[in-house]
Amino acid sequence: MFHTNKINFLTRVLVLLLFSFICFSECKAKVILTTEVDTYTITLNGNVLNDISGLNIHVQIKDLKGNISTAVSFLSNGANSVLSSVTGPKGDQFTITFALNGKIKDGKASVTGKFIKDSLLSGAEFNVIKVERDGGIDITSLLITEISFTNSKVTSTPTPTPTPTPTPTPTPTPTPTPKEVETLTGQLIEELEDAIIIPFVKTLTDLNDAFIGLFVGFTKGLEEFLDITGTASIEVENAPPIPEGEPALFELPEIESIALFKEVENIFEIPKGFSFAADLSFDDIVEPITVSSEDLSKQNTAVLVDSSGKTFIVGFGFLREIDTELTNFRAKKNYRFQTENGEPLKLTTTFTVPADAAEGDAKVSILNKNESLATIPLRVAPPRRVQVGKKQVGKPQISEPIKAFVKKSGERLSLEIRGKNFITKIATVDGKLEKLIGKANFTNVTFVPQKGISVKSIRVRKNKINVIAKIKNDIEPGIKLFNVITPKGADIGAIVFPELILDGMIEATSIPEKFILESSED
(Lines give C-alpha, C1' and ligand atoms only; values in the text may rest on other atoms or scores of the structure.)
Protein backbone atom coordinates (compact mmCIF):
# COMPACT_ATOMS: atom_id res chain seq x y z
CA MET A 1 0.00 0.00 0.00
CA PHE A 2 2.84 2.33 0.95
CA HIS A 3 4.67 1.57 -2.27
CA THR A 4 1.55 2.16 -4.34
CA ASN A 5 0.92 5.56 -2.74
CA LYS A 6 4.57 6.49 -3.26
CA ILE A 7 4.41 5.56 -6.92
CA ASN A 8 1.17 7.54 -7.34
CA PHE A 9 2.75 10.55 -5.65
CA LEU A 10 5.86 10.39 -7.87
CA THR A 11 3.66 10.04 -10.93
CA ARG A 12 1.74 13.18 -9.99
CA VAL A 13 4.97 15.08 -9.43
CA LEU A 14 6.30 14.01 -12.82
CA VAL A 15 3.04 15.01 -14.50
CA LEU A 16 3.14 18.41 -12.80
CA LEU A 17 6.77 18.91 -13.82
CA LEU A 18 5.98 17.92 -17.41
CA PHE A 19 2.97 20.25 -17.43
CA SER A 20 5.11 23.05 -16.00
CA PHE A 21 7.77 22.48 -18.71
CA ILE A 22 5.18 22.48 -21.49
CA CYS A 23 3.50 25.55 -20.00
CA PHE A 24 6.87 27.32 -19.71
CA SER A 25 7.83 26.53 -23.30
CA GLU A 26 4.47 27.67 -24.67
CA CYS A 27 3.58 30.40 -22.19
CA LYS A 28 6.60 32.41 -23.36
CA ALA A 29 4.48 33.19 -26.42
CA LYS A 30 3.22 36.75 -26.67
CA VAL A 31 -0.49 36.97 -27.54
CA ILE A 32 -1.44 39.56 -30.16
CA LEU A 33 -4.62 41.07 -28.73
CA THR A 34 -5.45 43.30 -31.71
CA THR A 35 -5.12 42.87 -35.44
CA GLU A 36 -4.31 46.58 -35.75
CA VAL A 37 -0.59 45.96 -35.13
CA ASP A 38 1.64 45.57 -38.17
CA THR A 39 5.16 45.38 -36.71
CA TYR A 40 6.95 42.99 -34.35
CA THR A 41 10.23 43.54 -32.50
CA ILE A 42 12.33 40.79 -30.93
CA THR A 43 14.90 42.01 -28.39
CA LEU A 44 17.78 39.70 -27.46
CA ASN A 45 20.03 40.12 -24.42
CA GLY A 46 23.07 37.99 -23.59
CA ASN A 47 26.87 38.26 -23.63
CA VAL A 48 27.07 35.41 -26.14
CA LEU A 49 25.92 37.93 -28.77
CA ASN A 50 29.27 39.71 -28.55
CA ASP A 51 31.03 36.86 -30.33
CA ILE A 52 28.73 36.00 -33.24
CA SER A 53 28.79 36.65 -36.98
CA GLY A 54 25.34 35.29 -37.78
CA LEU A 55 21.95 34.39 -36.30
CA ASN A 56 19.06 32.04 -37.05
CA ILE A 57 15.93 33.06 -35.09
CA HIS A 58 13.17 30.44 -35.24
CA VAL A 59 9.75 31.95 -34.53
CA GLN A 60 6.30 30.39 -34.31
CA ILE A 61 2.91 31.95 -35.00
CA LYS A 62 0.77 29.26 -33.40
CA ASP A 63 -1.73 27.59 -35.73
CA LEU A 64 -0.47 29.97 -38.44
CA LYS A 65 -2.80 32.77 -37.35
CA GLY A 66 -0.53 35.26 -39.08
CA ASN A 67 2.26 35.59 -41.63
CA ILE A 68 5.44 37.69 -41.66
CA SER A 69 7.12 39.60 -44.46
CA THR A 70 10.56 38.76 -45.88
CA ALA A 71 11.61 42.36 -45.12
CA VAL A 72 13.41 42.34 -41.77
CA SER A 73 16.00 44.60 -40.08
CA PHE A 74 18.73 44.07 -37.48
CA LEU A 75 19.90 46.65 -34.94
CA SER A 76 22.83 46.52 -32.51
CA ASN A 77 25.72 48.49 -31.09
CA GLY A 78 28.69 47.64 -33.34
CA ALA A 79 27.34 45.07 -35.82
CA ASN A 80 25.07 45.40 -38.81
CA SER A 81 23.40 42.95 -41.16
CA VAL A 82 24.90 42.39 -44.60
CA LEU A 83 22.51 39.61 -45.58
CA SER A 84 19.06 38.66 -44.28
CA SER A 85 16.30 36.25 -45.17
CA VAL A 86 12.99 34.96 -43.85
CA THR A 87 12.06 31.40 -44.78
CA GLY A 88 8.82 29.55 -44.13
CA PRO A 89 6.27 28.92 -43.04
CA LYS A 90 7.13 25.31 -42.34
CA GLY A 91 4.06 24.25 -40.45
CA ASP A 92 3.53 27.37 -38.34
CA GLN A 93 7.22 28.23 -37.98
CA PHE A 94 9.52 30.74 -39.70
CA THR A 95 13.31 31.16 -39.72
CA ILE A 96 14.83 34.66 -39.69
CA THR A 97 18.49 34.60 -40.74
CA PHE A 98 21.15 37.32 -40.53
CA ALA A 99 24.78 37.47 -41.61
CA LEU A 100 26.59 40.17 -39.64
CA ASN A 101 29.46 42.54 -40.27
CA GLY A 102 31.34 43.76 -37.19
CA LYS A 103 30.94 42.73 -33.54
CA ILE A 104 28.14 43.50 -31.06
CA LYS A 105 29.60 45.43 -28.10
CA ASP A 106 27.01 45.30 -25.32
CA GLY A 107 25.28 41.92 -25.66
CA LYS A 108 22.08 43.45 -27.02
CA ALA A 109 20.35 43.28 -30.38
CA SER A 110 16.90 43.76 -31.80
CA VAL A 111 15.10 42.39 -34.84
CA THR A 112 12.17 44.22 -36.42
CA GLY A 113 9.84 42.95 -39.12
CA LYS A 114 6.38 43.37 -40.57
CA PHE A 115 3.27 41.21 -40.52
CA ILE A 116 1.78 40.66 -43.95
CA LYS A 117 -1.26 42.88 -44.34
CA ASP A 118 -4.58 41.28 -43.31
CA SER A 119 -2.86 38.01 -42.30
CA LEU A 120 -3.28 38.38 -38.50
CA LEU A 121 -6.13 36.76 -36.62
CA SER A 122 -7.20 37.94 -33.18
CA GLY A 123 -5.51 36.00 -30.38
CA ALA A 124 -2.52 34.95 -32.49
CA GLU A 125 0.43 33.71 -30.38
CA PHE A 126 3.93 34.81 -31.42
CA ASN A 127 6.86 32.94 -29.91
CA VAL A 128 10.65 32.70 -30.30
CA ILE A 129 11.28 28.97 -30.03
CA LYS A 130 15.01 28.81 -30.76
CA VAL A 131 17.99 31.08 -31.49
CA GLU A 132 21.12 29.75 -33.20
CA ARG A 133 24.43 31.51 -33.77
CA ASP A 134 26.71 31.03 -36.80
CA GLY A 135 27.46 27.36 -37.31
CA GLY A 136 23.95 26.39 -36.18
CA ILE A 137 24.87 26.36 -32.46
CA ASP A 138 21.82 26.68 -30.18
CA ILE A 139 22.20 29.69 -27.81
CA THR A 140 18.54 29.99 -26.73
CA SER A 141 19.28 29.21 -23.09
CA LEU A 142 21.96 31.93 -22.95
CA LEU A 143 19.59 34.72 -23.98
CA ILE A 144 16.75 36.75 -22.49
CA THR A 145 14.18 37.29 -25.23
CA GLU A 146 11.46 39.94 -25.25
CA ILE A 147 8.74 40.45 -27.86
CA SER A 148 6.71 43.60 -28.54
CA PHE A 149 4.21 44.74 -31.17
CA THR A 150 3.47 48.18 -32.58
CA ASN A 151 1.35 49.88 -35.19
CA SER A 152 3.68 51.85 -37.45
CA LYS A 153 0.82 54.08 -38.61
CA VAL A 154 0.15 55.20 -35.05
CA THR A 155 3.68 55.12 -33.68
CA SER A 156 5.35 57.41 -36.15
CA THR A 157 8.89 57.15 -34.76
CA PRO A 158 9.29 53.97 -32.70
CA THR A 159 12.46 53.84 -30.64
CA PRO A 160 14.17 50.49 -31.19
CA THR A 161 16.19 48.87 -28.46
CA PRO A 162 19.14 48.97 -28.25
CA THR A 163 20.28 52.31 -29.74
CA PRO A 164 22.88 51.65 -32.42
CA THR A 165 26.19 53.44 -32.72
CA PRO A 166 27.47 52.35 -36.13
CA THR A 167 31.11 51.35 -36.25
CA PRO A 168 32.36 51.36 -39.86
CA THR A 169 34.76 48.59 -40.85
CA PRO A 170 38.13 50.13 -41.74
CA THR A 171 39.01 49.70 -45.41
CA PRO A 172 42.57 49.80 -46.75
CA THR A 173 43.28 52.72 -49.05
CA PRO A 174 42.90 51.45 -52.64
CA THR A 175 45.23 52.27 -55.50
CA PRO A 176 44.37 55.81 -56.70
CA THR A 177 42.03 55.70 -59.67
CA PRO A 178 40.22 58.28 -61.78
CA LYS A 179 36.98 59.63 -60.31
CA GLU A 180 34.88 57.91 -62.99
CA VAL A 181 36.43 54.52 -62.16
CA GLU A 182 35.71 54.99 -58.44
CA THR A 183 32.10 55.68 -59.38
CA LEU A 184 31.96 52.51 -61.49
CA THR A 185 33.32 50.45 -58.59
CA GLY A 186 30.74 51.97 -56.26
CA GLN A 187 27.99 51.22 -58.76
CA LEU A 188 29.12 47.60 -59.02
CA ILE A 189 29.13 47.16 -55.22
CA GLU A 190 25.68 48.76 -54.99
CA GLU A 191 24.39 46.57 -57.84
CA LEU A 192 25.49 43.43 -56.03
CA GLU A 193 25.31 42.93 -52.24
CA ASP A 194 27.28 44.57 -49.45
CA ALA A 195 30.65 43.03 -48.65
CA ILE A 196 30.48 40.01 -46.34
CA ILE A 197 33.16 39.52 -43.67
CA ILE A 198 33.59 36.11 -42.03
CA PRO A 199 36.08 35.88 -39.14
CA PHE A 200 38.55 33.03 -39.56
CA VAL A 201 38.11 30.37 -36.90
CA LYS A 202 41.03 28.13 -35.99
CA THR A 203 40.08 24.46 -36.19
CA LEU A 204 41.80 21.09 -36.08
CA THR A 205 40.90 20.54 -39.74
CA ASP A 206 43.20 21.39 -42.63
CA LEU A 207 43.19 24.84 -44.25
CA ASN A 208 41.00 23.89 -47.22
CA ASP A 209 38.36 22.23 -45.03
CA ALA A 210 38.47 25.25 -42.72
CA PHE A 211 37.62 27.63 -45.58
CA ILE A 212 34.86 25.34 -46.87
CA GLY A 213 33.53 25.10 -43.30
CA LEU A 214 33.45 28.90 -43.00
CA PHE A 215 31.49 29.21 -46.24
CA VAL A 216 29.04 26.39 -45.51
CA GLY A 217 28.63 27.46 -41.86
CA PHE A 218 27.90 31.02 -42.93
CA THR A 219 25.23 29.93 -45.40
CA LYS A 220 23.58 27.46 -43.01
CA GLY A 221 19.96 28.46 -42.54
CA LEU A 222 19.77 30.33 -45.84
CA GLU A 223 17.29 29.04 -48.37
CA GLU A 224 20.07 28.38 -50.88
CA PHE A 225 23.85 28.29 -50.96
CA LEU A 226 25.34 31.77 -50.99
CA ASP A 227 26.01 32.78 -54.60
CA ILE A 228 29.56 34.17 -54.63
CA THR A 229 28.95 35.91 -57.96
CA GLY A 230 26.02 37.85 -56.46
CA THR A 231 28.00 39.47 -53.63
CA ALA A 232 30.47 42.33 -53.69
CA SER A 233 32.94 40.09 -51.87
CA ILE A 234 33.33 37.39 -49.23
CA GLU A 235 36.31 38.40 -47.13
CA VAL A 236 37.85 36.12 -44.52
CA GLU A 237 39.04 38.30 -41.66
CA ASN A 238 42.34 37.42 -39.91
CA ALA A 239 43.00 34.61 -42.38
CA PRO A 240 46.31 32.74 -42.04
CA PRO A 241 48.97 33.03 -44.78
CA ILE A 242 47.92 31.27 -47.99
CA PRO A 243 50.54 28.83 -49.35
CA GLU A 244 51.60 29.19 -52.97
CA GLY A 245 51.25 26.35 -55.44
CA GLU A 246 52.50 25.61 -58.94
CA PRO A 247 52.34 28.75 -61.15
CA ALA A 248 49.34 28.50 -63.45
CA LEU A 249 47.12 30.55 -65.76
CA PHE A 250 43.37 30.68 -66.32
CA GLU A 251 42.20 29.43 -69.72
CA LEU A 252 40.05 32.55 -70.02
CA PRO A 253 36.66 32.64 -71.78
CA GLU A 254 36.41 34.69 -74.97
CA ILE A 255 33.90 36.72 -76.96
CA GLU A 256 34.18 36.93 -80.71
CA SER A 257 35.58 40.29 -81.94
CA ILE A 258 36.12 41.68 -78.40
CA ALA A 259 39.30 41.51 -76.30
CA LEU A 260 37.99 40.96 -72.79
CA PHE A 261 41.27 40.84 -70.89
CA LYS A 262 44.50 42.79 -71.27
CA GLU A 263 47.76 40.87 -70.86
CA VAL A 264 50.89 42.58 -69.52
CA GLU A 265 54.09 40.58 -68.96
CA ASN A 266 52.18 37.29 -69.03
CA ILE A 267 49.80 38.52 -66.33
CA PHE A 268 46.16 39.15 -67.19
CA GLU A 269 44.26 42.18 -65.96
CA ILE A 270 40.74 41.07 -65.02
CA PRO A 271 38.19 43.82 -64.36
CA LYS A 272 35.88 43.74 -61.37
CA GLY A 273 32.51 42.31 -62.39
CA PHE A 274 33.89 39.15 -63.97
CA SER A 275 32.91 35.75 -62.58
CA PHE A 276 33.74 32.74 -64.70
CA ALA A 277 34.57 29.05 -64.75
CA ALA A 278 37.89 28.07 -66.29
CA ASP A 279 40.40 25.27 -66.63
CA LEU A 280 43.96 25.95 -65.49
CA SER A 281 47.05 25.46 -67.62
CA PHE A 282 50.64 24.85 -66.49
CA ASP A 283 54.00 25.27 -68.22
CA ASP A 284 57.26 23.34 -67.91
CA ILE A 285 55.87 20.36 -66.04
CA VAL A 286 58.52 17.64 -65.72
CA GLU A 287 56.80 15.11 -63.48
CA PRO A 288 53.06 15.24 -62.69
CA ILE A 289 51.85 14.99 -59.12
CA THR A 290 49.79 11.91 -58.26
CA VAL A 291 46.47 12.67 -56.59
CA SER A 292 44.95 10.08 -54.26
CA SER A 293 41.40 8.86 -54.88
CA GLU A 294 40.40 10.54 -51.61
CA ASP A 295 41.75 13.94 -52.69
CA LEU A 296 40.25 13.49 -56.15
CA SER A 297 36.76 13.36 -54.65
CA LYS A 298 37.24 16.51 -52.54
CA GLN A 299 36.48 20.09 -53.50
CA ASN A 300 39.05 22.86 -53.37
CA THR A 301 38.58 26.47 -52.25
CA ALA A 302 39.79 29.26 -54.54
CA VAL A 303 41.23 32.04 -52.37
CA LEU A 304 42.35 35.49 -53.58
CA VAL A 305 44.81 37.70 -51.70
CA ASP A 306 44.76 41.27 -53.04
CA SER A 307 47.50 43.92 -53.07
CA SER A 308 46.44 45.19 -49.62
CA GLY A 309 46.70 41.72 -48.07
CA LYS A 310 42.96 41.06 -47.71
CA THR A 311 41.85 37.45 -48.25
CA PHE A 312 38.67 36.52 -50.13
CA ILE A 313 36.82 33.29 -50.94
CA VAL A 314 36.33 33.62 -54.70
CA GLY A 315 35.22 30.16 -55.88
CA PHE A 316 35.64 26.40 -55.70
CA GLY A 317 37.68 24.04 -57.86
CA PHE A 318 37.75 20.35 -58.62
CA LEU A 319 39.93 17.84 -60.47
CA ARG A 320 38.49 15.75 -63.31
CA GLU A 321 39.81 12.95 -65.44
CA ILE A 322 40.53 13.52 -69.13
CA ASP A 323 39.98 11.20 -72.07
CA THR A 324 43.35 9.51 -72.66
CA GLU A 325 42.72 9.43 -76.42
CA LEU A 326 43.22 13.20 -76.46
CA THR A 327 46.44 13.20 -74.46
CA ASN A 328 49.36 13.04 -76.87
CA PHE A 329 52.94 13.48 -75.70
CA ARG A 330 52.97 17.24 -76.25
CA ALA A 331 49.75 17.75 -74.35
CA LYS A 332 50.70 15.45 -71.49
CA LYS A 333 53.53 17.64 -70.29
CA ASN A 334 50.97 20.37 -69.50
CA TYR A 335 49.10 18.12 -67.09
CA ARG A 336 50.15 18.94 -63.57
CA PHE A 337 48.20 16.12 -61.93
CA GLN A 338 47.43 12.46 -62.52
CA THR A 339 45.45 9.66 -60.85
CA GLU A 340 47.06 6.76 -58.99
CA ASN A 341 46.66 4.83 -62.27
CA GLY A 342 48.58 7.47 -64.23
CA GLU A 343 45.55 9.03 -65.94
CA PRO A 344 45.91 12.80 -66.50
CA LEU A 345 43.72 15.24 -64.58
CA LYS A 346 42.51 18.73 -65.38
CA LEU A 347 41.94 21.36 -62.67
CA THR A 348 38.75 23.39 -63.13
CA THR A 349 37.64 26.26 -60.90
CA THR A 350 35.04 28.96 -60.54
CA PHE A 351 36.37 32.45 -59.91
CA THR A 352 34.98 35.90 -59.05
CA VAL A 353 36.90 39.18 -58.90
CA PRO A 354 35.81 40.79 -55.60
CA ALA A 355 34.17 44.14 -56.33
CA ASP A 356 35.85 45.82 -53.36
CA ALA A 357 39.25 44.15 -53.69
CA ALA A 358 42.18 46.57 -53.91
CA GLU A 359 43.22 47.16 -57.50
CA GLY A 360 46.64 45.93 -58.54
CA ASP A 361 48.56 42.67 -58.28
CA ALA A 362 46.78 39.72 -56.68
CA LYS A 363 47.14 35.97 -56.42
CA VAL A 364 44.53 33.22 -56.53
CA SER A 365 45.40 29.89 -54.92
CA ILE A 366 43.43 26.65 -55.19
CA LEU A 367 43.71 25.00 -51.78
CA ASN A 368 44.24 21.31 -51.10
CA LYS A 369 44.54 20.40 -47.43
CA ASN A 370 47.31 22.70 -46.09
CA GLU A 371 48.89 23.33 -49.48
CA SER A 372 47.85 24.81 -52.82
CA LEU A 373 47.38 22.88 -56.04
CA ALA A 374 48.05 26.00 -58.09
CA THR A 375 48.57 29.77 -57.77
CA ILE A 376 47.49 32.17 -60.52
CA PRO A 377 48.95 35.69 -60.64
CA LEU A 378 46.64 38.43 -61.98
CA ARG A 379 45.87 42.13 -61.72
CA VAL A 380 42.56 43.35 -60.36
CA ALA A 381 41.43 46.06 -62.77
CA PRO A 382 38.65 48.64 -62.35
CA PRO A 383 35.22 47.81 -63.81
CA ARG A 384 34.79 48.39 -67.53
CA ARG A 385 32.45 51.18 -68.61
CA VAL A 386 29.79 49.76 -70.95
CA GLN A 387 26.75 51.61 -72.27
CA VAL A 388 23.84 50.74 -74.53
CA GLY A 389 22.63 54.08 -75.81
CA LYS A 390 22.90 56.45 -72.86
CA LYS A 391 22.27 53.77 -70.24
CA GLN A 392 25.15 52.16 -68.36
CA VAL A 393 24.92 48.37 -68.30
CA GLY A 394 25.73 46.28 -65.22
CA LYS A 395 27.44 42.90 -65.11
CA PRO A 396 25.32 40.02 -66.45
CA GLN A 397 23.44 38.26 -63.67
CA ILE A 398 21.77 34.88 -64.15
CA SER A 399 18.60 34.21 -62.16
CA GLU A 400 16.53 31.15 -61.31
CA PRO A 401 15.03 29.12 -62.77
CA ILE A 402 17.39 27.92 -65.49
CA LYS A 403 15.64 25.46 -67.78
CA ALA A 404 17.74 22.74 -69.41
CA PHE A 405 16.09 20.16 -71.68
CA VAL A 406 17.56 17.18 -73.53
CA LYS A 407 15.85 16.49 -76.85
CA LYS A 408 16.14 14.40 -80.01
CA SER A 409 17.05 11.11 -78.33
CA GLY A 410 19.72 12.65 -76.13
CA GLU A 411 21.50 14.50 -78.93
CA ARG A 412 20.43 18.10 -78.34
CA LEU A 413 20.50 20.46 -75.34
CA SER A 414 18.03 23.32 -75.16
CA LEU A 415 19.09 25.79 -72.47
CA GLU A 416 16.97 28.77 -71.37
CA ILE A 417 18.88 31.27 -69.21
CA ARG A 418 17.00 34.13 -67.57
CA GLY A 419 18.62 37.18 -66.03
CA LYS A 420 19.54 40.77 -66.75
CA ASN A 421 22.16 42.99 -68.40
CA PHE A 422 22.41 40.88 -71.55
CA ILE A 423 23.73 42.85 -74.57
CA THR A 424 23.01 42.16 -78.22
CA LYS A 425 24.81 43.92 -81.09
CA ILE A 426 25.56 47.56 -80.20
CA ALA A 427 27.44 48.83 -77.16
CA THR A 428 29.88 51.56 -76.18
CA VAL A 429 32.84 49.93 -74.42
CA ASP A 430 35.17 52.29 -72.53
CA GLY A 431 34.08 55.17 -74.75
CA LYS A 432 34.37 53.30 -78.06
CA LEU A 433 31.23 52.44 -80.01
CA GLU A 434 31.22 48.77 -81.06
CA LYS A 435 28.85 47.14 -83.54
CA LEU A 436 28.56 43.48 -84.42
CA ILE A 437 27.03 42.10 -87.60
CA GLY A 438 25.46 38.82 -88.60
CA LYS A 439 24.66 36.28 -85.90
CA ALA A 440 27.28 37.55 -83.45
CA ASN A 441 26.20 39.01 -80.08
CA PHE A 442 28.08 40.76 -77.31
CA THR A 443 26.59 38.21 -74.92
CA ASN A 444 28.07 34.76 -75.32
CA VAL A 445 27.82 31.39 -73.57
CA THR A 446 30.78 29.03 -73.14
CA PHE A 447 30.94 25.61 -71.44
CA VAL A 448 33.62 24.25 -69.11
CA PRO A 449 34.66 21.58 -69.81
CA GLN A 450 33.94 22.10 -73.49
CA LYS A 451 34.32 18.44 -74.36
CA GLY A 452 31.14 16.62 -75.37
CA ILE A 453 29.08 19.68 -76.22
CA SER A 454 29.01 21.99 -79.24
CA VAL A 455 27.06 25.26 -79.28
CA LYS A 456 24.97 25.60 -82.44
CA SER A 457 23.07 28.82 -81.79
CA ILE A 458 22.66 31.55 -79.18
CA ARG A 459 19.64 33.84 -79.24
CA VAL A 460 19.93 36.85 -76.95
CA ARG A 461 17.00 38.91 -75.76
CA LYS A 462 16.76 41.61 -73.10
CA ASN A 463 16.20 39.25 -70.17
CA LYS A 464 16.64 35.80 -71.69
CA ILE A 465 19.18 33.72 -73.61
CA ASN A 466 18.27 30.60 -75.57
CA VAL A 467 21.12 28.22 -76.34
CA ILE A 468 20.92 25.20 -78.63
CA ALA A 469 23.86 22.79 -78.39
CA LYS A 470 24.72 19.36 -79.77
CA ILE A 471 25.41 16.66 -77.19
CA LYS A 472 28.17 14.34 -78.40
CA ASN A 473 28.71 10.69 -77.56
CA ASP A 474 31.88 11.46 -75.56
CA ILE A 475 30.19 13.82 -73.10
CA GLU A 476 31.12 12.95 -69.53
CA PRO A 477 28.48 12.67 -66.78
CA GLY A 478 28.65 15.12 -63.91
CA ILE A 479 28.89 18.89 -63.51
CA LYS A 480 29.33 21.07 -66.57
CA LEU A 481 29.75 24.77 -65.83
CA PHE A 482 28.82 27.55 -68.24
CA ASN A 483 29.76 31.22 -68.50
CA VAL A 484 27.47 34.02 -69.60
CA ILE A 485 29.88 36.72 -70.78
CA THR A 486 29.57 40.33 -71.94
CA PRO A 487 32.20 43.09 -72.27
CA LYS A 488 31.03 44.34 -68.85
CA GLY A 489 31.51 41.08 -66.95
CA ALA A 490 30.43 37.46 -66.61
CA ASP A 491 28.35 35.12 -64.46
CA ILE A 492 28.41 31.36 -63.95
CA GLY A 493 25.77 28.64 -64.09
CA ALA A 494 25.94 24.87 -63.83
CA ILE A 495 24.25 21.80 -65.34
CA VAL A 496 24.44 18.20 -64.13
CA PHE A 497 24.47 15.55 -66.87
CA PRO A 498 23.30 12.13 -65.61
CA GLU A 499 25.01 8.83 -66.35
CA LEU A 500 22.22 7.91 -68.75
CA ILE A 501 21.10 10.88 -70.81
CA LEU A 502 17.42 10.63 -71.68
CA ASP A 503 15.07 13.18 -73.17
CA GLY A 504 13.55 15.53 -70.61
CA MET A 505 14.59 18.18 -68.09
CA ILE A 506 17.97 17.94 -66.36
CA GLU A 507 19.22 19.82 -63.28
CA ALA A 508 20.58 23.35 -63.74
CA THR A 509 21.29 26.26 -61.38
CA SER A 510 22.60 29.82 -61.26
CA ILE A 511 24.50 28.96 -58.06
CA PRO A 512 27.36 26.62 -59.07
CA GLU A 513 28.50 26.32 -55.44
CA LYS A 514 25.36 24.28 -54.80
CA PHE A 515 26.35 21.50 -57.22
CA ILE A 516 30.11 21.65 -56.59
CA LEU A 517 29.92 21.43 -52.79
CA GLU A 518 27.01 18.98 -52.72
CA SER A 519 28.93 16.62 -55.00
CA SER A 520 31.64 16.32 -52.34
CA GLU A 521 29.06 14.96 -49.91
CA ASP A 522 27.94 12.11 -52.16
Side-chain angles (χ1 to χ4, degrees), residues 223-225 227 229 253 276-279 293 296-299 315-327 339 341 343-350 396-419 422 439 441 443-461 463-485 490-522:
E223 192 171 350
E224 284 282 5
F225 273 101
D227 185 3
T229 68
F276 53 77
D279 288 332
S293 56
L296 183 58
S297 65
K298 288 186 175 181
Q299 310 311 316
F316 294 95
F318 54 93
L319 289 158
R320 57 184 177 82
E321 295 186 37
I322 305 169
D323 193 337
T324 53
E325 294 180 3
L326 302 177
T327 56
T339 66
N341 295 327
E343 297 297 325
L345 297 168
K346 196 76 171 178
L347 180 56
T348 301
T349 189
T350 58
Q397 291 179 286
I398 308 170
S399 60
E400 299 286 3
I402 296 173
K403 297 179 180 178
F405 295 92
V406 173
K407 301 180 178 180
K408 292 195 173 181
S409 302
E411 294 184 355
R412 189 176 80 172
L413 173 69
S414 176
L415 183 62
E416 181 182 287
I417 307 167
R418 294 187 177 272
F422 303 148
K439 295 183 178 180
N441 287 294
T443 301
N444 213 329
V445 179
T446 62
F447 289 91
V448 180
Q450 178 65 40
K451 179 191 169 186
I453 194 163
S454 175
V455 176
K456 295 300 180 184
S457 68
I458 300 174
R459 184 181 180 187
V460 181
R461 299 178 184 176
N463 297 313
K464 186 169 70 171
I465 305 171
N466 292 104
V467 180
I468 301 297
K470 179 178 175 57
I471 300 174
K472 302 177 182 179
N473 292 332
D474 60 350
I475 193 167
E476 297 174 357
I479 300 170
K480 190 176 284 289
L481 304 168
F482 63 86
N483 301 309
V484 173
I485 318 160
D491 200 359
I492 317 167
I495 305 173
V496 175
F497 283 92
E499 291 279 352
L500 180 61
I501 300 177
L502 301 174
D503 285 3
M505 183 178 286
I506 57 176
E507 284 189 281
T509 182
S510 64
I511 307 174
E513 294 82 8
K514 174 181 172 65
F515 286 167
I516 295 173
L517 292 177
E518 283 184 346
S519 69
S520 66
E521 299 173 0
D522 295 340

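Both backbone and side-chain heavy atoms feed into the values below; hydrogens, waters and symmetry mates do not. Numbering of residues begins at 1 and proceeds along the displayed sequence.
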Shortest non-hydrogen contact from [X] to [Y]?
| X | Y | answer |
| --- | --- | --- |
| Ile485 | Pro253 | CD1-CB, 3.3 Å |
| Pro449 | Ile479 | CD-O, 4.2 Å |
| Phe447 | Lys480 | CD2-CD, 3.8 Å |
| Ala404 | Ala508 | CB-CB, 4.1 Å |
| Glu507 | Phe515 | CB-CZ, 3.9 Å |
| Ala277 | Val448 | O-CG2, 3.5 Å |

So, taking the atom named [atom1] in [X] and the one named [atom2] in [Y], what distance separates them when rounded to the nearest 0.5 Å?
| X | Y | atom1 | atom2 | value |
| --- | --- | --- | --- | --- |
| Ser399 | Lys464 | OG | NZ | 11.5 Å |
| Ile492 | Thr509 | CD1 | OG1 | 11.5 Å |
| Ile417 | Glu400 | CD1 | CD | 11.5 Å |
| Asp491 | Asp227 | CG | CG | 6.5 Å |
| Thr443 | Ile465 | OG1 | CD1 | 5.5 Å |

Once side chain to side chain contact (heavy atoms under 4.5 Å, CB included) is applied, do any residues pair with [X], and if so which ones, sequence neighbours excluded?
| X | answer |
| --- | --- |
| Lys472 | Ser454, Asp474 |
| Val406 | Ile471, Ile501, Asp503, Ile506 |
| Thr339 | Leu296, Glu321, Asn341, Glu343, Leu345 |
| Asn441 | Thr424, Lys425, Val460 |

> Judged by atom type as modelled, is there a donor-acceptor pair below 3.5 Å linking the side chain of Asn466 to the main-chain atoms of Arg459?
Replying inline: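 No.
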
> What residues, two or more places apart in sequence or in another chain, satisfy salt bridge (Lys or Arg N to Asp or Glu O under 4.0 Å) together with Arg320?
Replying inline: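 Scan of Arg320 (salt bridge (Lys or Arg N to Asp or Glu O under 4.0 Å), adjacent residues dropped) gives Asp279.
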
Can you find a pair of side-chain heavy atoms, one from [X] and one from [Y], that are under 4.5 Å apart?
| X | Y | value |
| --- | --- | --- |
| Ile453 | Phe482 | no |
| Thr446 | Phe276 | no |
| Ile402 | Leu415 | yes |
| Asn463 | Arg418 | no |

> Is it true that atom NZ of Lys408 has more than 12 heavy atoms of other residues, nucleotides or ligands lying nearer than 6.0 Å?
Replying inline: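 For Lys408, atom NZ is not crowded (no more than 12 foreign heavy atoms under 6.0 Å).
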
>> Which residues pass the ring pair (Phe, Tyr, Trp, His ring centres under 6.0 Å) test with Phe318, not counting sequence neighbours?
In response: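 Scan of Phe318 (ring pair (Phe, Tyr, Trp, His ring centres under 6.0 Å), adjacent residues dropped) gives none.
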
>> Applying side-chain contact (heavy atoms from CB on, under 4.5 Å) to Val445 and Val455, what does each step give before you reach the verdict?
In response: CA-CA 8 Å; Val445 179; Val455 176; 5.7 Å; no

